[in-house]
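To start, the structure under review is shown below, and the notes come after it.
To find a chain, count down the sequence lines: A is the first, B the second, and so on, and within it residues start at 1.
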Amino acid sequence: MRERYEPSEIETKWQQRWTDAGAFAVGDAGDAPGREKFYLLEMLPYPSGRIHMGHVRNYAIGDVFARQLRMRGKTVLHPMGWDAFGMPAENAAIERKRHPMEWTYSNIAQMRAQLRQLGYSYDWTREIATCDASYYRHEQAMFLTMLERGLAYRKRAIANWCEQCQTVLANEQVEDGRCWRCGGAVVMKELLQWFIRTTAYAQELLDGHTKLDWPASVLTKQRNWIGRSEGAEVRFGFDRPVANESSFSVFTTRPDTLFGVTFVSIAAEHPLAHALAEGAENEAEVLAFIERIRVEHRTRRDEGDLEKEGIFTGRYAIHPLTGARVPIWIANFVLMDYGTGAVMAVPAHDERDFEFARKYALPLKVVIQPEGVADLDADALTEAFTGSGRLVGSGAHDGLPNDDAKSAITAELVAREAGRGTVSYRLRDWLVSRQRYWGCPIPVIHCAACGVVPVPASQLPVLLPEDVVITGEGGSPLARHASFVNTTCPTCGAAARRETDTFDTFVESSWYFERYTTPHEATRPVEPARARGWLPVDLYIGGEEHAVMHLIYARVWHYLMIDLGYLPADAPREPFARLLCQGMVCQEAFYGTDPANPAHRVWYYPEDIELRDGARFAKDTGWPLHSAGVVKMSKTKRNVVDPDEVVAKYGADAVRLFVLFAAPPPGQVDWSEEGLEGASRFLQRVWRIVRERREALVGARPFAGGPLDGAARDLRRAVHRTIDRVSRDLGERLQPNTAVAAMMELVNALSAFKPERDVDAAVMREGVDALLSLLSPFAPHVADELFEALGGEGSLLARGWPVVDPEALREDAIELPVQINGKIRGRVQVAPDADEATVLAAARAEANVAAHLEGRALKKVLYVPGRILTLVV
RNA sequence: GCGGAUGUGGCGGAAUUGGCAUACGCGCCAGACUAAGGAUCUGGUGGGGUAACUCCCGUGAAGGUUCAAGUCCUUUCGUCCGCACCA
């Protein structure tokens with residue numbers, strides 16, 4: 001055995017042995033009777049080229065659980081794959097003249113090797129690359145089933161268009177008016193696009209939350225995104241028909257304020273907007289307004305506060321209950337894609353309507369009086385009254401509390417056939433088509449005679465052609481690829497055009513976890529019964545940035561797979577039972593500012609910075625540098641740490657241990673080389689304990705039980721306490737950081753322990769064996785190496801998880817704190833199960849306690865066995 | 001503006017059911033070993049007071065419940081994140 005712990009010498013050796021032994025390959029969930037299945041999944045990476053520290057952390061968290069669960073006897077599915085379609089591959093093609101396919105697969109090879117070097121325990125026999133036709137063909141088949149059932153459809157819509165990516169984006173993929181991937185400005189364009197009907201599942205997405213053990217923040221983000229509002233749809237009549245319509249609907253969450261309506265506002269995109277303007281005195285002006293708002297709408301609004309603007313159409317609506325004529329306005333703040341695109345305006349009780357009414361001198365009508373306030377005067381209002389109160393000026397409903405009036409007025413609307421109670425959602429259907437090359441082709445054909453024709457199942461997959469020229473200009477290369485585009489109609493045989501849009505890459509990531517369950521199934525996305533055995537994913541680990549993108553799409557796709565028969569009807573309805581969102585890996589970043597252009601920040605790598613008199617300067621330019629604080633590692637801020645470098649220097653085990661110890665999984669890890677050294681030091685201490693006491697340890701006979709005393713007893717208690725703590729920290733608590741702390745304490749105890757008798761060696765051996773087993777999910781290479789050095793056969797993986805001996809945990813005596821009036825006044829040694837009288841007597845005998853009790857009447861005694869004795873005087 | 005999370009030593013963090021605040025690590029200080037130490041080992045390390053002592057204070061701030069509060073309740077401030085004219 002080596003004097004010093006040299007990670008580089010042992011890590012490749014063990015990686016090879018695990019692979020050779022097929023240690024992580026798993027069959028079906030039910031293969032080992034009596035063993036429970038556990039599906040542990042981490043979000044699959046995009047093969048960008050090299051792994052970064054965020055990957056290292058995400059996968060270390062997953063691996064520590066996966067390895068521990070296997071040792072506990074579970075049948076563990078722990079797969080890995082590649083989210084391999086997407087824009088960066090096309091950019092690489094343009095910038096580096098490499099084919100996206102070649103670039104992607106070479107990145108995959110590189111990253112796979114990096115993941116192996118970190119010792120992650122994946123079942124590589126199930127590896128998936130989503131750009132492989134054997135994967136995406138099933139996606140095409142599922143899409144066609146959706147199309148057949150009306151769950152996918154094509155429509156002309158105003159969509160988010162990213163200029164830089166030259167493609168449309170789904171609502172979820174626009175952040176602050178910018179593209180989620182490239183940060184480029186997003187504009188609105190009216191285009192013919194493909195959608196998946198996620199809104200059909202809006203309510204189920206909400207209801208399913210009760211079944212999920214997910215972080216509150218993620219559930220809240222989803223809830224807000226789905227945006228359920230209860231209210232009423234109210235039909236207003238037109239004073240005279242508009243485009244053959246005699247009425248139109250508004251959506252409101254405040255039917256209680258219906259009698260306060262003084263005008264109606266509709267969106268510029270409303271289908272009746274043009275017809276309303278027709279024949280108006282100022283028709284041209286209204287039409288110009290409509291056109292202006294339609295164009296500037298979304299992008300300007302996302303920039304912040306947009307001033308409310310509107311124009312009177314010259315037309316009137318008829319109030320469904322009072323029959324009053326109220327003016328119809330077109331207003332820039334009314335959204336077409338929410339509710340009905342039209343709102344009833346109640347300026348006395350709605351802030352937006354109030355602002356609009358004041359600007360255009362429209363009347364207000366108070367219909368809710370707050371309790372205990374004299375008459376609210378509509379003219380004197382300085383802001384809308386949105387609180388609760390009793391109805392006034394509302395006909396038969398006067399005097400009702402406004403909460404009750406909601407249902408009362410809705411009931412009246414129903415009785416008069418002028419409306420109904422309804423629910424509105426903010427969630428929109430998922431726009432899945434993209435005008436990009438490197439994606440899964442949407443399997444339809446456009447025929448002049450037959451319209452949109454699905455590609456027949458026999459012709460699937462529609463392969464993405466490889467012989468394309470990618471220039472980044474002139475739209476999708478597919479549209480210019482004649483032999484791809486030109487085809488015949490499957491129905492009538494006439495010449496037809498193939499669809500050239502591809503799917504959003506979020507389509508691939510919406511079902512990859514289903515595919516992992518039966519990755520080699522040739523004719524179907526999954527083999528239903530075997531997939532059913534593995535599902536749901538018991539623990540899913542990944543970043544919170546996917547809270548409303550991936551995690552909504554994947555839930556919907558899972559519902560769809562069940563409802564379309566790809567999964568059994570009795571499959572768990574929710575795909576991810578438990579979710580763990582890991583935090584970022586951060587490091588301080590430094591920048592200088594160019595004197596010639598002070599707005600321009602230039603970021604510096606740590607090695608390009610020199611320290612003089614406690615201040616930082618750029619080595620090249622000499623500029624003084626400023627700290628941007630501890631921020632997420634990113635290439636642009638040049639505060640990244642390359643995993644390969646630190647693995648080469650400290651070993652994969654130390655790197656894994658550090659990222660697991662530095663913070664609990666949801667927290668942020670501040671990168672620190674000193675901290676990493678601390679982790680490495682810990683592993684060296686473990687190494688030293690084994691090396692220095694190897695002889696005694698190897699010669700020790702197994703601990704056979706029986707009474708112990710003194711230090712051996714204490715050590716054994718420490719060992720079994722550690723087993724208990726680590727087991728619980730890796731189990732229900734999902735806190736590897738505290739498990740590491742517990743192991744460090746055990747190592748401290750083992751270092752201090754001096755074996756003198758045979759029984760001491762036996763106890764020490766039991767402790768070291770337990771420590772190595774507990775450590776192996778964290779630092780698997782060094783744990784296996786030390787196990788072997790002590791004469792162990794094979795890997796610790798096969799050895800099982802240590803079991804707590806309750807006898808070892810038992811305390812002969814504990815130190816019990818004694819509190820008097822809430823303050824600790826002494827400690828007494830008592831048996832852990834001592835009764836109150838014994839403990840009280842012991843406390844009275846303690847000098848300091850006695851002094852505090854002197855001359856005072858004991859009023860109350862509270863004894864929490866094993867915890868504390870509290871006396872009140 | 002709305003919603004969520006969060007606030008504990010110099011730093012990362014621990015405290016599992018209301019029961020000994022600061023485990024574990026980093027950093028720092030002292031000592032040992034040494035020709036040497038940026039290696040290793042040992043000890044110390046919230047603040048204050050004292051001759052000494054389990055003497056006092058202390059979990060962003062203020063109040064409350066309780067024998068007992070980092071933990072529960074009310075109010076408030078700060079930070080981070082998400083959404084943002086959603087009718």
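Taking atom C1' on both U22(B) and U71(B), the two are 15 Å apart, rounded to the nearest angstrom. Nucleotides A21(B) and C28(B) are separated by 22 Å at their C1' atoms, to the nearest Å.
Note: H319(A) NE2 to F259(A) CZ = 6.0 Å, rounded to the nearest 0.5 Å. The OG1 atom of T382(A) lies 8.5 Å from the CZ atom of R358(A); values are rounded to the nearest 0.5 Å.
Put simply, CD on E673(A) is 19 Å from P on G12(B), counting in whole angstrom units. Between the CZ atom of R728(A) and the P atom of A23(B) there is a distance of 19 Å, rounded to whole Å. In this structure, CZ of F333(A) is placed 21 Å from P of G1(B), rounded to the nearest angstrom. Note: CG (D337(A)) to P (C85(B)) measures 11 Å, nearest angstrom. The distance between atom CD of Q684(A) and atom P of G25(B), rounded to the nearest whole Å, is 15 Å. Rounded to whole Å, atom P of C11(B) lies 17 Å from atom CZ of F661(A). Taking atom CZ on F354(A) and atom C1' on A87(B), their separation rounds to 17 Å, with Å as the unit. Nucleotide A68(B) holds its C1' atom 14 Å from the CD1 atom of I820(A), rounded to whole Å.
Taking 4.0 angstrom as the limit, R721(A) places none of its side-chain polar atoms (N or O) nearer than this to OP1 or OP2 of U16(B). Dashed line: the shortest gap from a side-chain N or O of S229(A) to OP1 or OP2 of A87(B) is under 4.0 Å. For the OP1/OP2 pair of A15(B) and a distance below 4.0 Å, the side-chain nitrogens and oxygens of Q735(A) include at least one atom meeting the criterion. Taking side-chain N and O atoms only, N737(A) has no distance below 4.0 Å to OP1 or OP2 of A23(B). For R867(A) and U16(B), the shortest distance from a side-chain N or O to OP1 or OP2 is not below 4.0 Å. The side chain of R223(A) contributes no N or O atom lying less than 4.0 Å from OP1 or OP2 of G4(B).
In this structure, E3(A) pairs ionically with R691(A), as a charged nitrogen and a carboxylate oxygen lie closer than 4.0 Å. Ion pair R235(A)/E233(A) not flagged as a salt bridge, since none of the NZ, NE, NH1 or NH2 atoms sits closer than 4.0 Å to an Asp/Glu carboxylate oxygen. Ion pairing of R721(A) with D724(A) is absent here, as no side-chain N (NZ or NE/NH1/NH2) approaches a carboxylate O to less than 4.0 Å.
When each of A87(B), A84(B), C55(B) is scored by its nearest atom to the side-chain atoms of R426(A), the top-ranked nucleotide is A84(B). When the nucleotides A15(B), A87(B), G12(B) are ranked by their closest atom to the side chain of R733(A), A15(B) comes out on top. Minimum atom distance to the side chain of K860(A) is reached by C67(B), of the listed C67(B), A87(B), C20(B). Out of G12(B), C56(B), C83(B), the shortest distance to the side chain of W225(A) is found at C83(B). Looking at the side chain of N748(A), the nearest of the listed nucleotides C83(B), C24(B), A87(B) is C24(B). You'll find that the side chain of P817(A) is closest to C20(B), out of C20(B), C83(B), C81(B). Side-chain proximity of A741(A) to G25(B), A84(B), A23(B): nearest is A23(B).
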Watson-Crick and G-U pairing of RNA chain B, under 3.5 Å, as dot-bracket with | and [ ]: (((((((..(((......[....)))((((((.......))))))(((......)))..(((((..]....))))))))))))....

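For K859(A) against C67(B), no side-chain N or O and base N or O form a donor-acceptor pair under 3.5 Å. The base of U54(B) is not paired with the side chain of R827(A) by any donor and acceptor separated by under 3.5 Å. Checked by distance alone, S217(A) brings no side-chain donor or acceptor within 3.5 Å of a matching partner on the base of G82(B). Judged by distance alone, with hydrogens and angles left aside, E674(A) brings no side-chain donor or acceptor close enough to the base of G25(B) to form a pair under 3.5 Å.
A distance-only check finds a donor-acceptor pair linking the side chain of D729(A) to the backbone of A739(A) [under 3.5 Å]. The backbone N or O of A654(A) sits nowhere less than 3.5 Å from a side-chain atom of S680(A) that would complete a donor-acceptor pair.
Geometrically, K308(A) does not engage F356(A) in a cation-pi contact defined by less than 6.0 Å to the ring centre and at most 45° from the axis.
Side chains of P327(A) and Y360(A) form no contact here, defined as non-hydrogen atoms less than 4.5 Å apart.
Base orientation of G9(B): syn, since the glycosidic angle falls within 90° of 0.
Using a 30° and 60° split on the angle between ring planes, F658(A) and W671(A) fall in the perpendicular class, above 60°.
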Polar-atom pairs under 3.5 Å, protein N or O versus N or O of nucleotides 41-47 of chain B: list them with distances, or write none.
| residue | atom | partner | partner atom | Å |
| --- | --- | --- | --- | --- |
| C41(B) | OP1 | R688(A) | NH1 | 2.9 |

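Donor-acceptor pairing under 3.5 Å is recorded for the side chains of Q668(A) and D670(A).
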